[in-house]
Amino acid sequence: MKKYKPGVLFGKELEALYKDAKDNQFALPAVNTIGTDTINAVLETAAKGMPNDKLQGNITGGVSGALHIHNVAKYYGVPVVLHTDHAAKKWLPWISGLLDAGEQFFKEKGQPLFSSHMLDLSEEPIEENIHTSVEFFKRMKPLGMAIEIELGVTGGEEDGVDNSGVENDKLYTQPQHVAYAYTELSKVGTLFSVAAAFGNVHGVYSPGNVELRPVILKNSQDYIEKELKTGPKPVYFVFHGGSGSPQHQIREAIGYGAIKMNIDTDLQWSFWEGVLGYYKKNEAYLQGQLGNPEGAEKPNKKYYDPRVWLRKGEETFIKRLEVAFEDLNCINRNA
Ligand SMILES: [Zn+2]
């Protein structure tokens, strides 16, 4: 039995802690937290880590991030599509956990916690991929959520999934597979999108490794329009592995019905680039807590304050993301 319960203390328990500290001669470290990284680090220090045997860390972390966005987006005055990416088969319990939280949130607020989740079952047989996706979609639809699925294999390597050795024909999605997915998902609802492989890769590599062929998307759209007698461009496509792609190919993919593009790798670099530039510019002030070109005893606190250099990362991140908005022809679309 612990003396104090988990969570934020107040009232009688808070006073008992103060008294405990004074009577027993200990004191609490007060930490200036500046974001979830330092908040989590403080909690981890006190707890010696958090159990994650049922993915509870991943689930609560996802929920917490989503709640933060719900809390602040309205103050920025911008609409947000809140999405989780690439849940392979072993991550399905994570999506189930997020949906448990999402259903609870829906009961309280009348809207889902997330706009959409992606299931990436592209490593499984196509029947299993589509069957499982349909089952999850049935659960998401009443919440007003969208589902994203993956057909074919996005090349390259991301988050420990290495597809850099996959044969080339799997890197280009077959129109028949898209038609099959379209037919089955349409039985549940219309709010689904397909991450199709058209030579796109996760990560940035030197040119010439794989050939990007956006026309694959057009072939699928035309095939479904003809075979299933739909209107033109029936499918919402998602462009994975957009980092490093030239604008003309991005625009071409948009022309064939790509409505979203993932640009993780370039944004990772852009954040680091700001920190790197800051370090290089102020290197002589960042070698110790005391001592810089102005004197051996001069303090450097205002240079190594994480709020200062993390902000530099945010600034270059924003610049790169503005380029993406331009590449995606997505400027002034909310007027
Ligand atoms: Zn992806």
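For ligands, and for the atoms within them, numbers begin at 1 and follow the listed sequence. As a basis for the values below, the full set of heavy atoms in this structure was taken, side chains included, without hydrogen atoms, waters or symmetry mates. Since the model is a prediction, treat every value here as computed from it, not as a measurement.
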Between the main-chain N or O of Leu267 and the side-chain N or O of Ser270, is there a donor-acceptor pair closer than 3.5 Å?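 Answer holds: yes.
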For Tyr303, is there any backbone N or O sitting under 3.5 Å from a side-chain donor or acceptor partner on Tyr278?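 Confirmed, Tyr278 side chain pairs with Tyr303 backbone.
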Hey, can you tell me if His202 and His240 have their rings parallel, tilted or perpendicular (30° and 60° cut-offs)?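 If you compare the ring of His202 with that of His240, the planes turn out perpendicular.
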Parallel, tilted or perpendicular, as decided by the 30° and 60° cut-offs, for the rings of Phe114 and His117: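 If you compare the ring of His117 with that of Phe114, the planes turn out tilted.
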Take Lys89 and Glu123 through the test salt bridge (Lys or Arg N to Asp or Glu O under 4.0 Å) and record every step on the way to the result. CA-CA 9 Å; Lys89 194 172 180 175; Glu123 287 183 55; over 6 Å; no
Remaining members of the apolar cluster that contains Leu43, side-chain heavy atoms under 4.5 Å: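 When side chains under 4.5 Å apart are linked, the cluster holding Leu43 also contains Ile39.
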Cut-off under 2.8 Å, centre the Zn ion (ligand 1), protein N/O/S atoms: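 Metal shell, protein only: His86 NE2, His202 NE2, His240 ND1.
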